[in-house]
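Read through the structure below, which is laid out as structure tokens, and then see the notes.
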Amino acid sequence: MEVTSQLPTLHHHHHQQVKNETSDIESIDQEIREEETHLSPTMDNITMHQLHADQKSSTNNRYMPLLVINYLMLFVGSLSSSLLSKYYFNHKGSSKWVSTWVQSVGFPLLTIPIYLPYLLNFTKRKPFSDFNPKMLFFSFFLGLLLGLNNLLFSWGNAYLPVSTSALLLSSQLVFNLVLSIIIVKQKITFSNVNCVILLTLSSILIGLDSSHEKPDDLTKKKYLIGFFCTIGAGLLFALNMPLLESVYKKVYCYEMVMEMQLIIEISATALATIGMLCDNGFSELKEESERVFDMGPTLYYVTIMANVVTWQFCFMGTAGMVFLTSSLTGGVCMTALLSMNVLGGVVVFRDVFSGVKAVATVLCIWGFCSYVYGIYSKMVDQRNEMRKKNESSTEMIHVVNGVVSC
């Protein structure tokens, strides 16, 4: 009788417990629905952010096309700007301020790829919609560094022969490796150290082989100014690359890279324009076109405008390579192209292709290919590791489902 009398009570307690659990679940569901309702205005932005964040991932469909396009821009821009600069100097062009100004004054060209997709409704993302004051400050700061770097590069080119300038600029790759280790914690591997050594040796051989190109009017004072300006340009470029990479870690899509590059080049152009105004650079531009350049004013301005466009390809390609890979990879590509520009001089200007240049070219190709192979091996390892994690997660889900069904 006692057991029978206790059954209704136990049934009541059990019913009450189930009811409480049900009400708790309903309460939790209600809280989740309220939270989703509260966050619903920003869900599209979060989804868009996650979608664009994958652009840096090698598994994303846009990654490889973007990488190829940016390397082609870097290749065409670097080779063309080098050949046009040589053409400019070969025909008695020598203005330091003009050379500085043309490197960044083509920034309005970037507005085409920035605004055109939005105006044609290819994308719903409004240009510059994700910018904040901090990013704007960093963009202007990096632009000032770029403007100073361009000025030092131009002064070095004005006072030193091309061979010596290329030799000194090769030091930027060593600076780049060291600063990348310090700023962005770049890992030291056999492939990147091997590449740095081979590309540096390649540039040294090219510089030594072309030592006879020293101009007759190069005084000791001009040589020292050119020497330190070129070393400073290499160091600033090496510093600029890892700083750019550290900023790009907070950038989630390639569109923002173009927008940042536009701000950077506006800042660099402002610095160069102030210098042109203070040092009568615009008057020098006119005088050089009419009296100094021995191919005439028309070809002078064609050379200047072509240089403006090719520098944009060069800078945008470099920025894209840093965003999609790393600052060290961008520096490796630039240095490899610096050595490969020698072949461009042989083809276009009929420069002598000596045995030393042949060895330097082989070293350049060897170093670059070893670095690319190192990157490829790393990507394969990452994909295999990701596949194993996915397989482990799938097995875990099956185990949990089996336990729940039991």
Side-chain angles (χ1 to χ4, degrees), residues 73 77 81 84-85 88 93-115 127-158 229-230 232-248 250-251 255-289 301 303-320 322-323 330 334:
M73 284 197 296
S81 61
L84 286 167
S85 295
Y88 170 78
S94 60
S95 173
K96 298 181 286 293
W97 281 112
V98 171
S99 179
T100 303
W101 192 61
V102 299
Q103 291 182 55
S104 57
V105 76
F107 68 86
L109 294 172
L110 291 175
T111 59
I112 298 173
I114 289 174
Y115 283 99
F128 296 96
S129 58
D130 305 295
F131 258 65
N132 55 53
K134 191 174 182 181
M135 286 184 64
L136 196 62
F137 169 77
F138 276 121
S139 297
F140 274 114
F141 174 72
L142 289 172
L144 292 176
L145 284 183
L146 177 64
L148 184 58
N149 176 78
N150 292 344
L151 178 60
L152 291 175
F153 176 76
S154 299
W155 276 61
N157 266 350
C229 283
T230 306
L235 182 58
L236 266 182
F237 183 78
L239 174 64
N240 203 29
M241 298 284 272
L243 285 177
L244 202 59
E245 182 183 355
S246 65
V247 175
Y248 282 163
K250 300 176 183 179
V251 173
E255 289 79 2
M256 291 183 70
V257 174
M258 291 190 289
E259 292 160 7
M260 278 193 64
Q261 190 63 28
L262 178 64
I263 303 297
I264 287 171
E265 293 196 36
I266 288 174
S267 180
T269 304
L271 183 66
T273 303
I274 292 171
M276 288 273 283
L277 291 171
C278 293
D279 202 29
N280 296 321
F282 290 103
S283 300
E284 189 178 12
L285 175 68
K286 184 179 179 181
E287 182 180 352
E288 191 173 60
S289 66
Y301 286 112
T303 303
I304 293 296
M305 292 306 298
N307 222 344
V308 167
V309 175
T310 54
W311 272 113
Q312 289 308 302
F313 277 105
C314 185
F315 282 139
M316 195 60 239
T318 304
V322 173
F323 171 72
M334 286 290 291

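Nothing here was measured: the structure is a model prediction, and the numbers come from that model.
You'll find the side chain of E255 stays beyond 4.5 Å of the side chain of D130, heavy atoms only. Counting heavy atoms from C-beta outward, F315 and I264 have side chains that stay 4.5 Å or more apart. Between L235 and L239 there is no side-chain heavy-atom pair separated by less than 4.5 Å. Between V102 and V98, some side-chain heavy-atom pair lies under the 4.5 Å cut-off. Counting heavy atoms from C-beta on, the side chains of M135 and M260 come closer than 4.5 Å. A 4.5 Å side-chain heavy-atom check between E288 and Y88 finds at least one atom pair inside the cut-off. With contacts defined as side-chain heavy-atom distances shorter than 4.5 Å, the pair N149/N240 does not qualify. Inter-residue side-chain proximity for Q103 and S154 is flagged as met; some heavy-atom pair is nearer than 4.5 Å.
M256 and V251 get closest at one heavy-atom pair: CB-CG1, 3.4 Å. Heavy-atom minimum distance, L109 versus Q312: CD1-CG, 4.1 Å. Nearest heavy atoms, G147 versus T100: O-CG2, 4.3 Å. Here the shortest heavy-atom pairing between C229 and L152 reads O-CB, 3.4 Å.
Rounding to the nearest 0.5 angstrom, the gap separating the CG atom in L142 from the CE atom in M241 is 12.0 Å. Note: L144 CG to S139 OG = 11.0 Å, rounded to the nearest 0.5 Å. Of the inter-residue distances, the one linking F237 atom CZ with N150 atom CG reads 10.0 Å to the nearest 0.5 angstrom. N280 CG to K286 NZ: the interatomic distance, rounded to the nearest 0.5 Å, is 13.0 Å.
Sparse packing is recorded around CZ of F141, with 12 or fewer heavy atoms of other residues, nucleotides or ligands lying under 6.0 Å away. Counted within 6.0 Å of CZ on F313, heavy atoms from surrounding residues, nucleotides or ligands total 12 or fewer; the atom is thus considered open.
Ring geometry for Y115 versus F128: interplanar angle of 30 to 60°, hence tilted.
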_Test side chain to side chain contact (heavy atoms under 4.5 Å, CB included) applied to F131 and I263, step by step_ = CA-CA 11 Å; F131 258 65; I263 303 297; 4.2 Å; yes
*Passes side chain to side chain contact (heavy atoms under 4.5 Å, CB included), L243 versus L145? Steps please.*
CA-CA 10 Å; L243 285 177; L145 284 183; 3.9 Å; yes
*Are T310 and N307 close enough, and set up right, to give a side chain to side chain contact (heavy atoms under 4.5 Å, CB included), and what steps lead you there?*
CA-CA 5 Å; T310 54; N307 222 344; 3.6 Å; yes
*Which is it for V322 and E245 under the side chain to side chain contact (heavy atoms under 4.5 Å, CB included) test, yes or no, and what are the steps along the way?*
CA-CA 6 Å; V322 173; E245 182 183 355; 3.8 Å; yes
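Using modelled atom types, one side-chain atom of S85 and one backbone atom of S81 make a donor-acceptor pair closer than 3.5 Å.
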Validation: residues 270-279 side-chain donor-acceptor distances under 3.5 Å, sequence neighbours left out:
residue, atom, partner, partner atom, Å
T273, OG1, W101, NE1, 3.3
T273, OG1, T269, O, 2.7
D279, OD2, W97, NE1, 2.9

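Sorted by first then second residue, the salt bridge (charged side-chain N to carboxylate O under 4.0 Å, His left out) pairs that include residues 256-270, not counting sequence neighbours, are R125-E259.
S289 is linked by a side-chain hydrogen bond (donor to acceptor under 3.5 Å, both in side chains) to Y301, counting only residues two or more places apart in sequence or in another chain.
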